[in-house]
Amino acid sequence: MRLVVVGASGRMGRMLIQAVAGTEGCTLAGAVEREGAEAVGQDAGSLAGLAPLGVAVTDDPLRVFAEADGVLDFTAPAATVAYAELAAQARIVHVVGTTGLRPEDLAKLAAAARHARIVRSGNMSLGVNLLAGLVRKVAATLGEDFDIEILEMHHRHKVDAPSGTALLLGEAAAEGRAVALAERKVAVRDGHTGARAPGSIGFATLRGGSVVGDHSVIFAGPGERIELGHRAEDRGIFARGAVRAALWAQGQPPGLYGMNDVLGL
Ligand SMILES: NC(=O)c1ccc[n+]([C@@H]2O[C@H](COP(=O)([O-])OP(=O)(O)OC[C@H]3O[C@@H](n4cnc5c(N)ncnc54)[C@H](O)[C@@H]3O)[C@@H](O)[C@H]2O)c1
Ligand SMILES: O=C(O)C1=N[C@H](C(=O)O)CCC1
């Protein structure tokens, strides 16, 4: 499968180049960065700490999309919305790891998925997607006398909150309880908040250092607490998940898929 990495010089972009180069049956068909980025013109392999791959980073996505079967996109919301349109025009698979997408961005991805195969997930790792299944089950089993709180910590450079993973886990908890997350979500607490609203799903965000991604889902009940968690130690888990998603999506009809589809969960 010929894959393009957009956001090639980012923390995830470099990991994606490594993952594509290290996966049998995949070749790096292109590497794209935003106009004016320092990496434009550099060899994508060298950028990712590998031997040169003979693929120069470009700021012209159209040219490389025309020669590819799929694009791996861990960039920023505005870029991802634009790439969804280009990938749909080129009829290639679009794997979206970008987080911080607003409802109107998600609506644009859903529109593109009428003609394109898109796999989107706030977390492409096996572990977190398994954890989401456990959270759904525990939330469905326990009543509302168990309060659900989701705690996440990421590195100091992360720009969106709560993390895409925390929201994915919140969605799983809400599904388990058969409620809408949008109606139960409490993402900020400050000052005199009053007592906790029964049935709310709370989020707490920590940022600092080089943390790759820590998540805990806490079910706090009368006299006891259940905690389910995941610690990411290496961004390679997200990159390998994205390549797996692209390979899986190649054989699917147009639509918007998640990692649970890819992993058969
Ligand atoms: N879903 C997952 O499993 C997962 C895992 C890790 C990170 N992420 C998400 O991936 C995104 C990127 O994370 P990161 O840590 O690599 O960030 P980063 O800032 O290191 O990298 C983003 C890159 O995208 C580039 N970019 C921005 N606009 C572009 C455009 N129009 N065209 C091409 N490139 C463009 C930037 O120049 C930068 O190099 C974030 O939203 C993050 O939350 C998701
Ligand atoms: O480093 C990031 O940024 C990450 N983003 C995803 C999220 O928002 O959950 C996945 C974990 C790493």
Side-chain angles (χ1 to χ4, degrees), residues 4-19 30-40 42 44 47-48 57-62 64-65 71-87 94-102 105 118-129 131-132 150-172 187 203 205-217 230-246 258-260 262-263:
V4 174
V5 172
V6 293
S9 68
R11 278 174 291 277
M12 279 306 301
R14 294 166 201 244
M15 297 304 297
L16 290 162
I17 293 168
Q18 289 179 16
V32 179
E33 255 299 339
R34 62 185 161 71
E35 219 180 303
E38 211 183 307
V40 174
Q42 290 181 31
L47 188 65
V57 177
T58 176
D59 57 9
D60 178 4
L62 277 182
V64 287
F65 280 24
V71 51
L72 308 179
D73 176 354
F74 289 59
T75 55
T80 292
V81 168
Y83 286 132
E85 212 176 302
L86 295 184
H94 188 191
V95 176
V96 177
T98 307
T99 58
L101 294 156
R102 300 161 304 168
D105 300 326
I118 300 179
V119 182
R120 184 187 79 85
S121 177
N123 195 304
M124 300 270 172
S125 76
L126 172 65
V128 158
N129 286 282
L131 174 64
I150 301 174
L151 174 66
E152 56 110 335
M153 180 164 188
H154 285 85
H155 54 93
R156 62 167 67 106
H157 304 289
K158 186 159 178 64
V159 294
D160 56 304
S163 69
T165 310
L167 293 169
L168 179 160
L169 294 169
E171 289 288 359
F203 292 83
T205 298
L206 307 180
R207 292 286 177 264
S210 56
V211 178
V212 176
D214 289 357
H215 293 87
S216 299
V217 181
H230 181 267
R231 306 273 178 270
E233 295 171 354
D234 175 356
R235 289 187 175 83
I237 59 174
F238 312 130
R240 290 191 293 275
V243 172
R244 183 170 174 172
M259 277 310 277
N260 49 343
V262 175
L263 299 170

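In listed order, ligands and their atoms are each counted from 1.
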Hey, could you give me the CG/NE2 distance between Leu206 and His155, rounded to the nearest 0.5 Å? 13.5 Å
For ligand 1, find out whether one of its N or O atoms is nearer than 3.5 Å to an N or O atom of Gly13. no
Among protein heavy atoms, which lies nearest atom 28 (N) of ligand 1, and at what distance? Ala79 CB, 3.8 Å
Is there a side-chain contact between Phe203 and Leu167 in this structure, where contact means two heavy atoms from C-beta onward sitting under 4.5 Å apart? yes
Of the choices Thr99, Asp160, Thr75, which has the non-hydrogen atom that lies closest to atom 11 (C) of ligand 1? Thr75
Return the closest protein heavy atom for atom 21 (O) of ligand 1 as residue, atom name and distance. Gly10 CA, 3.3 Å
Considering residues, nucleotides and ligands other than Gln42, do more than 12 of their heavy atoms fall under 6.0 Å from its CD? yes
Residues passing the side-chain hydrogen bond (donor to acceptor under 3.5 Å, both in side chains) test with Thr75, sequence neighbours excluded, are Asp73, Thr80
Phe74 to ligand 1: N or O pair under 3.5 Å? no
Below 4.0 angstrom from a heavy atom of Ser9, which ligand 1 atoms are there? Numbered from 1 as shown, please. 39 (O)
Indicate yes or no: does an N/O atom of Arg235 lie under 3.5 Å from an N/O atom of ligand 1? no
Would you call the rings of His154 and His215 parallel, tilted or perpendicular, where under 30° means parallel and over 60° means perpendicular? perpendicular
Please determine, by modelled atom types, if Asn123 and Ser125 share a side-chain donor-acceptor pair under 3.5 angstrom. yes
Distance in Å, Leu169 CG paired with Leu151 CG, rounded so as to fall on 0.5 Å steps: 11.5 Å
Does ligand 1 have any atom sitting under 4.0 Å from a heavy atom of Gly100? no
If you measure every N or O of Ser121 against every N or O of ligand 1, does any of those distances drop under 3.5 Å? yes
Of all protein heavy atoms, the one nearest atom 44 (C) of ligand 1 is Gly97 O, 2.9 Å
Considering only heavy atoms from C-beta outward, does the side chain of Leu72 approach that of Val6 to under 4.5 Å? no
Under 4.0 Å from any heavy atom of Lys158, which atoms of ligand 1 are there? 43 (O)
So which heavy atom on Ala242 is nearest to which on Leu16, and how close? CB-CD2, 3.8 Å
side-chain hydrogen bond (donor to acceptor under 3.5 Å, both in side chains): which pairs involve residues 31-40, sequence neighbours left out? Ser9-Glu33
Starting from atom 27 (C) of ligand 1, locate the nearest protein heavy atom and write down its residue, its atom name and how far away it is, to 0.1 Å. Arg34 CD, 4.2 Å
Polar contact flag for Tyr83 and ligand 1 (N/O pairs, less than 3.5 Å): yes
Is any side-chain heavy atom of Leu168 less than 4.5 Å from a side-chain heavy atom of Val128? yes
Residue and atom name of the nearest protein heavy atom (relative to atom 13 (O) of ligand 1), distance in Å to one decimal: Met12 CG, 4.4 Å
Provide, to 0.1 Å, the distance between atom 24 (O) of ligand 1 and the closest protein heavy atom, together with that atom's residue and name. Gly7 CA, 3.5 Å
What atoms of ligand 1 come closer than 4.0 angstrom to any heavy atom of Thr98? 41 (O)
Gap between atom CG of Leu131 and atom NE2 of His230 - 0.5 Å precision: 7.5 Å
Could you go step by step and tell me if Arg244 and Leu263 meet the side-chain contact (heavy atoms from CB on, under 4.5 Å) rule? CA-CA 9 Å; Arg244 183 170 174 172; Leu263 299 170; 3.5 Å; yes
Of Arg11, Glu33, His157, Arg120, the residue with the heavy atom nearest atom 25 (C) of ligand 1 is Glu33
Is there at least one pair of N or O atoms, one from Met124 and one from ligand 1, spaced under 3.5 Å apart? yes
Show the short N or O contacts, below 3.5 Å, that ligand 2 makes with protein N or O atoms; if there are none, say 'none'.
residue	atom	partner	partner atom	Å
ligand 2	1 (O)	His155	NE2	2.7
ligand 2	3 (O)	Lys158	NZ	2.9
ligand 2	5 (N)	Lys158	NZ	3.2
ligand 2	8 (O)	Lys158	NZ	2.7
ligand 2	8 (O)	Gly164	N	2.8
ligand 2	9 (O)	Gly164	N	3.3
ligand 2	9 (O)	Thr165	N	2.8
ligand 2	9 (O)	Thr165	OG1	2.5

Is Ala37 close enough to touch ligand 1? Criterion: a residue heavy atom under 4.0 Å from a ligand atom. no
Closest heavy-atom pair and its distance - Gln18, Ala48: NE2-O, 2.9 Å
Once you round to the nearest 0.5 Å, how far does CD1 of Ile118 lie from OH of Tyr83? 15.0 Å
Residues which pass salt bridge (Lys or Arg N to Asp or Glu O under 4.0 Å) with Glu152, listed by chain and number, not counting sequence neighbours: Arg207
Against ligand 1, does Gly122 come closer than 4.0 Å with any heavy atom? yes
